[in-house]
Protein chains: 2
Amino acid sequence: MLKAQFDHTNCSDCPIRHRAVCAHCDADELEELEDIKYYRTFEAGQTIIWSGDQMNFVGSVVSGIASLTQTMEDGRTQMVGLLLPSDFVGRPGREAAPYDVQATTDLVMCCFRKKPFEDLMNTTPHIAHRLLQMTLDELDAAREWMLVLGRKTAREKIASLLSIIARRDASITPKDKPAPIVFDLPLTREAMADYLGLTLETVSRQISALKKDGIIQLEGKRHVTIPDMRRLMEEAGDDSDGGFLV
Amino acid sequence: MLKAQFDHTNCSDCPIRHRAVCAHCDADELEELEDIKYYRTFEAGQTIIWSGDQMNFVGSVVSGIASLTQTMEDGRTQMVGLLLPSDFVGRPGREAAPYDVQATTDLVMCCFRKKPFEDLMNTTPHIAHRLLQMTLDELDAAREWMLVLGRKTAREKIASLLSIIARRDASITPKDKPAPIVFDLPLTREAMADYLGLTLETVSRQISALKKDGIIQLEGKRHVTIPDMRRLMEEAGDDSDGGFLV
DNA sequence: CAGAAACCTTGACCGAGATCAAGTGGAACC
DNA sequence: GGTTCCACTTGATCTCGGTCAAGGTTTCTG
């Protein structure tokens, strides 16, 4: 019975695009899930899990943005993942979190208590399969990002990040993709720097440069317009206009 | 029946430490597997799969080392993964390879034709589960490496790489872990540079520096002795002496 | 053994990005 | 309205690692 409830392969009419189990559609009408599923909200800046903590839930982001961060003893930090709505958090079969998870913006998460979720996964091959596919997606994204971190210049890094956000944003509000893409940056300059392996000053300078060169337009500090996505992607050194994942 | 053959959870007596399905123990005596499982050998430098190619098999490394590499149009390359013996290659459910796979040394792989392997996976929850765990391990490793690429200095990068190789090597030949660790570098300076996001000159210089400072000892260009693993790990800026994975 | 081809080392110089420092703009709070 | 705080920008300088160049070793080949 539980199984049936989670076994939707596609929920295309749901406002959240599911990539895994269906966690959102039928939120209210299923009382019998109360003890396994629940919602949590976090404020911007709040830490959801500290590295090393026991994690007794898995879940997915409903709205807002979370980040996965690793920190060295001397304080250097590197963001290792960015969780946008519909992204999955948690590691079935693992006890401790390997990095900090923080709410970058105000955040709503749909959580499942870990043990029952694992049971569900073990008895529902479809869910295990979905989870594997999602983990492979994350692995692809992480490796794509290794190229960005290891080999791209500061300008290319910024362009790469803007590309990703623009693309994810565009696909979440699936308009007919008109030429100019408009969105609000969900990250501070410092958070971008942590993601890109740069300093916040360099981020600021490169954004200014891209603006001066007409690759992007800025209104205030966060509101971005991309007049020509193709030019941005050229700047990112990334002509494989296909499968860039976050 | 097939299922039973693959359903060994542990094969500790096998020379290859399995992290997933048991692919090696019973290589010869199972004729009925002939059509799904086979061995392939590659010479050092040979490309196993080109990025974008169809991949009609999955498998694991039996001996030797393979690398996963991404390349930009202008020739900049970044290694995004290093496959040591027992590591798994391939992406169940995916068609094309997302990066080049190359034999760094002479290599033996144990391959399974992809379609039957996927069928096996779908009917054997244990295998799917194992695969998920392995993919999570790889994801952890990739994210750990993002910190290396994004935030560590050249010297720390080299020390990190040597740590990883030393640890993997030590666990494959599980002696009682005597104080000095000895191994042969399986990578050229250029391959190390590609893994670390450096140039080969910088790699060479930093190795020389670590040698001068007594952190490592070199005999020839490849034979490394680490007198004190703890010092090396300090140099790597990596005091979490626990779970560093490749 | 000579010659060539990898692979590696070392030096000199340069530049992208880090660091240090000052200043701007806007929102919140009294 | 003024003060404070925070996020951001911009400038000046420094430094780590890249680039270019030369030379050394080892191994393979004729």
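In what follows, chains carry the letters A, B, and so on, assigned in the order in which the sequence lines appear, proteins first and then strands, with residues in each chain numbered from 1.
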Starting at atom [atom1] of [X], determine the distance to atom [atom2] of [N], rounded to an integer number of angstrom.
X: B/Leu218; N: D/dT26; atom1: CG; atom2: C1'; answer: 15 Å
X: B/Glu156; N: D/dG17; atom1: CD; atom2: C1'; answer: 14 Å
X: B/Lys157; N: D/dG18; atom1: NZ; atom2: P; answer: 7 Å
X: B/Lys211; N: C/dT10; atom1: NZ; atom2: C1'; answer: 13 Å
X: A/His223; N: C/dG26; atom1: NE2; atom2: P; answer: 16 Å
X: A/Arg155; N: C/dA18; atom1: CZ; atom2: P; answer: 16 Å
X: B/Gln206; N: D/dT15; atom1: CD; atom2: P; answer: 16 Å
X: B/Ile207; N: D/dG17; atom1: CD1; atom2: C1'; answer: 15 Å

If you compare every side-chain N and O of [X] against the phosphate oxygens of [N] (OP1, OP2), does one of them come in below 4.0 Å?
X: A/Ser204; N: D/dT10; value: no
X: B/Thr199; N: D/dG18; value: yes
X: A/Ser208; N: D/dT10; value: yes

Problem - Under 3.5 Å: donor-acceptor pair, side chain of B/Lys211, backbone of B/Leu218 - result: no
Problem - Student check: side-chain heavy atoms of A/Met55 and A/Val101 closer than 4.5 Å - result: no
Exercise for the section: Flag the pair B/Lys114 / B/Glu95 as yes when at least one side-chain heavy-atom distance between them is below 4.5 Å, and no otherwise. Expected result: yes
Let's test your reading of the model: under 3.5 Å, does the base of [N] pair with the side chain of [X] as donor and acceptor?
X: A/Glu201; N: D/dC8; answer: no
X: A/Glu190; N: D/dC8; answer: no
X: B/Arg205; N: D/dT19; answer: yes

Problem - Out of C/dG17, D/dT9, D/dT25, whichever nucleotide has its closest atom nearest the side chain of A/Arg189 - result: D/dT9
Problem - Candidate nucleotides C/dA18, D/dG18, C/dC8, ranked by approach to the side chain of A/Leu198 - the nearest - result: C/dA18
Handout entry: Reported NZ-to-CE distance for the pair B/Lys152 and A/Met72, which is rounded to 0.5 angstrom
Key = 5.0 Å
Practice task
Identify whether any heavy atom of B/Gly45 sits under 4.0 Å from a base atom; if not, whether one sits that close to sugar-phosphate; answer base, sugar-phosphate or nothing.
Solution key: nothing
Exercise for the section: Have a look at A/Thr188 and say if it touches a base, only the backbone sugar-phosphate, or nothing, with a 4.0 Å heavy-atom cut-off. Expected result: sugar-phosphate
Exercise for the section: Please assess A/Arg205 against A/Leu198 for the test side-chain contact (heavy atoms from CB on, under 4.5 Å), listing each intermediate value before the final yes or no. Expected result: CA-CA 11 Å; A/Arg205 271 186 256 271; A/Leu198 298 171; over 6 Å; no
Completion exercise
The answer to which of A/Leu200 and A/Arg151 contacts DNA chain D further toward the 5' end, by nearest nucleotide, is A/Leu200
Fill in the blank from the handout: Note: for B/Arg222 and A/Ala154 on DNA chain C, the residue whose nearest nucleotide lies more 5' is B/Arg222
